[in-house]
Amino acid sequence: MEAGGVGGILDLREKERTQQAGEEAARSLAAAVRRGASPGGLLRRRRGEGWARGGRPESGGGDLRSRPRERPGRLSQYFQCLYINCYACFVVIAHFLNLSSILTQIITLFRHFAINACLAPLYSLEGMHIITVEGIGNCRRGLHPVQERLAEAHGSQCGFCTPGFVMSMYALLRSSKQPPTKEQIEDSLAGNLCRCTGYRPIIDAFGVFAKTDDSLYTASPSESANGKAICPSTGKPCLCRNETDVNGNESSLLSSVKTYLPSSYNEIDGNAYNEKELIFPPELQLRKIMPLRLNGFNGVRWYRPLKLDQLLQLKSCYPEAKLIIGNSEVGVETEFKNAQYGVMISVTHVPELHTLKVEEDGLRIGSAVRLAQLQDFLKKVIAERGSLQTSSCQAILRQLKWFAGTQIRNVASVGGNICTASPISDLNPLWMSTGATFQIIDVNNNVRTTVAKDFFLGYRKVDLKDDEVLLSVILPWTRPFEYVKEFKQAHRRQDDIALVNAGMRVHITEAEGNWIVSDVSIVYGGVAAVPLTAGKTESFLVGKKLDYGLLDEAFNLLKEDIPLAENAPGGMVEFRSSLTLSFFFKFFLYVTHEMNTKGLSEGLDVANMSAIQSYTRPVTTGTQGYELVRQGTAVGQPMVHLSAMLQFSCQIFPWVRWSLPLKRCARC
């Protein structure tokens, strides 16, 4: 099998032969040691930047959270909750990669994205540009505008979560081609936890980077009929613009009360930041990507093939090898469940697994496609194809909005989520209900296709042999009068696992003047070891007119299709059982309403309209009023605390060894 580059032929069947890239890494590491660097130094740094270059003698090279601390004076944001819950250990990764494939055109990937340092194996970052919070600015060189704004808005207290917020916002700004909206800013911060400061000052601080009209806040405010100032943001009367307009009875009280006001971006122009943004290192852009074979602690081996043929040959040599993409599941298994994998294969550079194509019969989605990439692709497809063929695309896109946080979606993949076969996967019920098919390839290049409904065999067991790899997912187009809807109920809406989820699809056709159900699929997740299909209910609905008269019988059949024992894992049996009926009722109302918009059925009762409305939360707004009571030189004054500037650049940090309960309470 060809390895590419200067190295000739790589014979992976000779397991003891050292691969050229591994030798090169070893020579580079030895040279670094001679120069006085740390022997474990996989990350070479410059002002908080990094290039992943060598290796460390442990599984996957260890994770990124601990590496910068091996350098004196590097605090950085790496040891926090240790359970992927607080999102405080973010770093920004810049990645430039050309993937040439026989299936697609050349795929060029260059983007900045935030990841969890506690999940990122160092070996997986080879060839990437790593930016930490101390690299974008500090008190000596000047703070980055993001750090500066958060400090001036009083956005930190203990500093525990501060680096994570800074890097989340930094990644959003670097990855956006135009100023982000306030909704995008809040979405990017959805996973960041803050326990003491509160989110109002943090959201307000980052709001200045949003796509807004600054003249609204700098021009003279308009006035209502009664002479009160009108807030340009909300359009409602407010007191924040002209305190002299209040009546005399309150003027004396309000004269000493100050209200926090949003700032425009031109007030935070970053003049104190005397260095330009970090560029992608030309050294990394020009270097040739090589396949990797690295040895870790206890005999662990890490491979990174560059072609599908190389991946299949590795699978033939190591059938039990674990495929790695984002490490969001395997990282938890190895860290907390004591799982041991002797061979790990990173498939991030295999172009055949990164396919995103629009085909005649549907969409072809490669198994290594990241969920964030899938979101962007689906938005583009929906805009180009319209709603007629993309009902399934819209359902998946809506479900992805509530799938973990942005930083997890940046690394988690389609195939990883499918093959993990979690009973509470948000996407697997949708793959099944939409009629998606999975393409599977074996080590002999034989490709077989299986429908999603037959792929899940048991608890975390799938129809995938040791010598097979999930190649791609085929998502079919929807037909006229075919509707797909997603459902999910969790303890909280954002960044939480589902109690119950579901995917439902129905196709309605006209027969003898009536619109009847010709095909239907109802799949629930979170109710059994695998997603359950409501077979009896589906059979009952086929051939019937979809009206209120069939609901009672459908509910009774659903109770038989989706039984939940009193001691079912997860508890809350009565509530979860009611959710299965509630989801179906909402789906019935949704389809009825869609048919009504086409003039083919009766309209919904006003009392039921709220059941079909999508949940939308308005942008967070808030004000803070405080009375100035000077006590000494600083007490009682709205001053930025002295440690804030240091916290935002990790020059000072609340160095506390948190115990196990903190790992768990972040999920409550």
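Index from 1, following the sequence.
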S.K.: Is there a side-chain contact between Glu486 and Gln394, using heavy atoms and a 4.5 Å cut-off?
M.R.: no
S.K.: Just by distance, with hydrogens left out, do Glu329 and Thr420 show a side-chain donor and acceptor under 3.5 Å apart?
M.R.: no
S.K.: Hey, does the side chain of Thr597 reach the backbone of Glu594 with a donor-acceptor pair shorter than 3.5 angstrom?
M.R.: yes
S.K.: Decide yes or no for Val411 and Ile325: does some side-chain heavy atom of the first lie under 4.5 Å from some side-chain heavy atom of the second?
M.R.: no
S.K.: Scan side-chain atoms only and decide if Ser168 and Gln407 contain a donor-acceptor pair under the 3.5 Å cut-off.
M.R.: yes
S.K.: Looking at side-chain heavy atoms only, is the closest gap between Leu125 and Ile115 below 4.5 Å?
M.R.: yes
S.K.: Examine distances only and state if a side-chain atom of Asp426 and a backbone atom of Leu400 form a donor-acceptor pair shorter than 3.5 Å.
M.R.: no
S.K.: Would you call the rings of His349 and His95 parallel, tilted or perpendicular if under 30° counts as parallel and over 60° as perpendicular?
M.R.: tilted
S.K.: May I ask you to establish whether Arg149 and Phe209 are in a cation-pi arrangement, using a distance under 6.0 Å from NZ or CZ to the six-membered ring centre and at most 45° from the ring axis?
M.R.: no
S.K.: With Lys485 as the cation and Tyr483 as the aromatic partner, state whether NZ or CZ is under 6.0 Å from the six-membered ring centre and within 45° of the axis.
M.R.: no
S.K.: Heavy atoms only: give me the nearest Asp496-Lys488 pair and the separation to one decimal.
M.R.: O-NZ, 2.9 Å
S.K.: Just so I know, are the side chains of Leu371 and Leu427 near enough to count as touching, which here means a heavy-atom distance under 4.5 Å?
M.R.: yes
S.K.: The criterion is side-chain hydrogen bond (donor to acceptor under 3.5 Å, both in side chains); which residues satisfy it with Ser346, sequence neighbours excluded?
M.R.: Thr348
